[in-house]
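First the structure, in the form of structure tokens, and then the observations on it.
Indexing begins at 1, ligand by ligand and atom by atom, following the structure's order. All values reported here derive from a predicted model rather than from experimental measurement.
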Amino acid sequence: MPESSYDCIVIGSGPGGYVAAIRAAQLGMKTAVVERADTVGGRCLNEACIPAKAILRVADAYKEVVEAKGFGITVSGVEFDYSGATAHRDKVIKILTGGVGMLFEKNGIEVIKGHGSLTEDGNVKVGGSFDGDELEAGKVILATGSIAKPLLGLQFGGCVLDTAAMWLSAEQPQRLAVVGAGASGTEVASAFGRLGTEVTLIEALDQILPLEDKDVARACAREIAKQNVKIVTGANVESAEDSGDGVRLVLDGEPQDFDLLCIAAGRAADVEGLGLDEAGVKVGERGLIEVDGALRTSKEDVYAIGDIVPGPALAHKASDEGVIAAEDAAGLATHPIDYPFVPRVTFCSPQVASFGLTEEQAKEAGHDVVVGKVPMGAVGAPTVYGDRGGMVKIVGDRAHGEILGAHIVSAKAAELIQELVVARDLEGGFPELARSIHPHPAFAEAVLEAARATDGWLIHG
Ligand SMILES: Cc1cc2nc3c(=O)[nH]c(=O)nc-3n(C[C@H](O)[C@H](O)[C@H](O)COP(=O)(O)OP(=O)(O)OC[C@H]3O[C@@H](n4cnc5c(N)ncnc54)[C@H](O)[C@@H]3O)c2cc1C
């Protein structure tokens, strides 16, 4: 007999799970969240997005002080102590995870500590995989996230870290190899390089940020290379050996020694011991749970969201799926997600933000492609700020004025991309954006100019 009963039980309290739980509670469902970690907020808040951004912020601040001379400010005796950075990181994690706990309380959501799994009849067991207390669940939302997978025949531990361990480490390495120059690896390189670590950023493909538009990746690489980071693309790591004191990589025939190796490639859905087989939840390619547009799995009344289902592994995608799953579970009509148009940001310096198609993808898809490209330095605000190295690039469809994709490199790219996302969501194209008045001097004028350039009448350039 189940010991308790809920309308909705969410397993996992990350950005997918906690948002789903809050939305379910808002809609009147008696809701519980099962979380096995000591703190709520998931990997995002405890070991991934948030600690990463906290350390990256320290790197920004440090660089601003060191480079203040360019503004006529002389600062002598600048010193950096990594323990100050970790204190900032830990404080931020504590504030934000505490905030999630408060939101649970405010919304009357019960947090149940333990490992959650599905039973055959779609209820939830809390405890081990084959024992524990059974809770009756009207609806279940699975939101258990993903875990890093080691490469090169290595195990994590010792001098081989995944990105979470890298961001949570208490010490700053002197020589760091980062394998994988996607968003996570490039963030690690940009943070630690600017804080004084000698970084080698290694990528098997021919550009860093391999999923990004070529122009944008090139502009970003130019800036990253100035940050104590040696970029090696088209690289072949032949072997890697952890000696306990350091790691020796054989890279394109050359042995190279590092204090630490951070593997920033390869993640897998965290579904072990979740009882998927027993409950009859179908798993598809790459071990991801199969879902429909409302995040329903093959098992009635069981939903799955976030990193355990297909689509970009991003926190805001997980949260949006949480809203959709909870609304569908409550019997409401909800909105679909257009996955290629989910915005994505790499928080290196400068930031890289994009959504939709790259120029190459738009051409391959047969669009009548028009491109508007503007350097950040074309307008006033980025020049005042000292952010001339980046660019805004809009990929459009000439015939319909549709924004097919947008790609930004700038200190404020994460904020700037949203204007383009909203324009598209509200069915605006680049011709409309080109005639939308922007304040002066603002970074967003670069977006305005890129829209004008796409529409064929760039003013500043
Ligand atoms: C280093 C790094 C940096 C990142 N930075 C960004 C970023 O800047 N922006 C961005 O959008 N995305 C970023 N991501 C991706 C982002 O972290 C994930 O997409 C997001 O955390 C997924 O959310 P989720 O809710 O699916 O799962 P998670 O955040 O992984 O949370 C899952 C939770 O479920 C719990 N759990 C797992 N199994 C069970 C079980 N059986 N029972 C009970 N509890 C369980 C886990 O303990 C965990 O707390 C980053 C990822 C990494 C690794």
Side-chain angles (χ1 to χ4, degrees), residues 9-21 32-57 89 96-97 100 111-118 124-129 132 135 140-149 161-169 178 180 182-189 191 262-276 288-289 295 303-322 325 342-348 351-353 413-414:
I9 299 182
V10 181
I11 305 183
S13 69
Y18 85 74
V19 171
V33 171
V34 181
E35 172 57 63
R36 69 180 174 206
D38 291 336
T39 45
V40 293
R43 296 185 181 89
C44 175
L45 272 69
N46 287 286
E47 59 181 62
C49 326
I50 293 303
K53 268 81 260 182
I55 300 285
L56 280 153
R57 172 72 190 115
R89 174 197 70 199
L96 296 182
T97 54
V100 172
V111 178
I112 302 168
K113 171 92 197 287
H115 176 99
S117 58
L118 284 171
V124 170
K125 233 174 354 178
V126 182
S129 295
L135 308 173
V140 179
I141 301 178
L142 305 173
T144 51
S146 62
I147 44 170
K149 289 277 173 199
L161 307 186
D162 65 4
T163 47
M166 189 74 230
W167 291 118
L168 292 181
S169 94
V178 182
S184 251
T186 303
E187 287 184 359
V188 169
C262 172
I263 298 183
R267 293 186 75 79
D270 184 7
V271 292
E272 205 179 313
L274 206 48
L276 299 181
L288 298 168
I289 296 176
L295 289 311
Y303 296 76
I305 60 172
D307 282 8
I308 53 173
V309 301
L314 292 168
H316 44 286
K317 174 260 195 190
S319 298
D320 203 48
E321 288 177 338
V342 173
R344 43 201 183 238
V345 180
T346 302
F347 291 84
C348 53
Q351 299 171 353
V352 175

What pairs of donor and acceptor atoms, side-chain ones from residues 306-315 against any protein atom, are under 3.5 angstrom apart with sequence neighbours left out?
| residue | atom | partner | partner atom | Å |
| --- | --- | --- | --- | --- |
| D307 | OD2 | S146 | OG | 2.8 |

* From CA spacing to verdict: side-chain contact (heavy atoms from CB on, under 4.5 Å), I141, I11 -> CA-CA 6 Å; I141 301 178; I11 305 183; over 6 Å; no

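Applying the side-chain hydrogen bond (donor to acceptor under 3.5 Å, both in side chains) rule to Q351 yields no partners; only residues at least two apart in sequence or on another chain are considered. Take D320 and apply the salt bridge (Lys or Arg N to Asp or Glu O under 4.0 Å) test, not counting sequence neighbours, and it matches no residue.
For a heavy-atom separation below 4.0 Å, the residues in contact with ligand 1 are I11, G12, S13, G14, P15, G16, G17, V34, E35, R36, A37, G42, R43, C44, A48, C49, K53, G114, H115, G116, A143, T144, G145, S146, T163, W167, S184, R267, D270, L274, G306, D307, A313, L314, A315, H316, A318, F347.
For the side-chain contact (heavy atoms from CB on, under 4.5 Å) with W167, the qualifying choice from L56, D162, I50 is L56, the only one to do so.
Contact detail for P15 and S319: the closest heavy-atom pair is O-OG, 2.9 Å.
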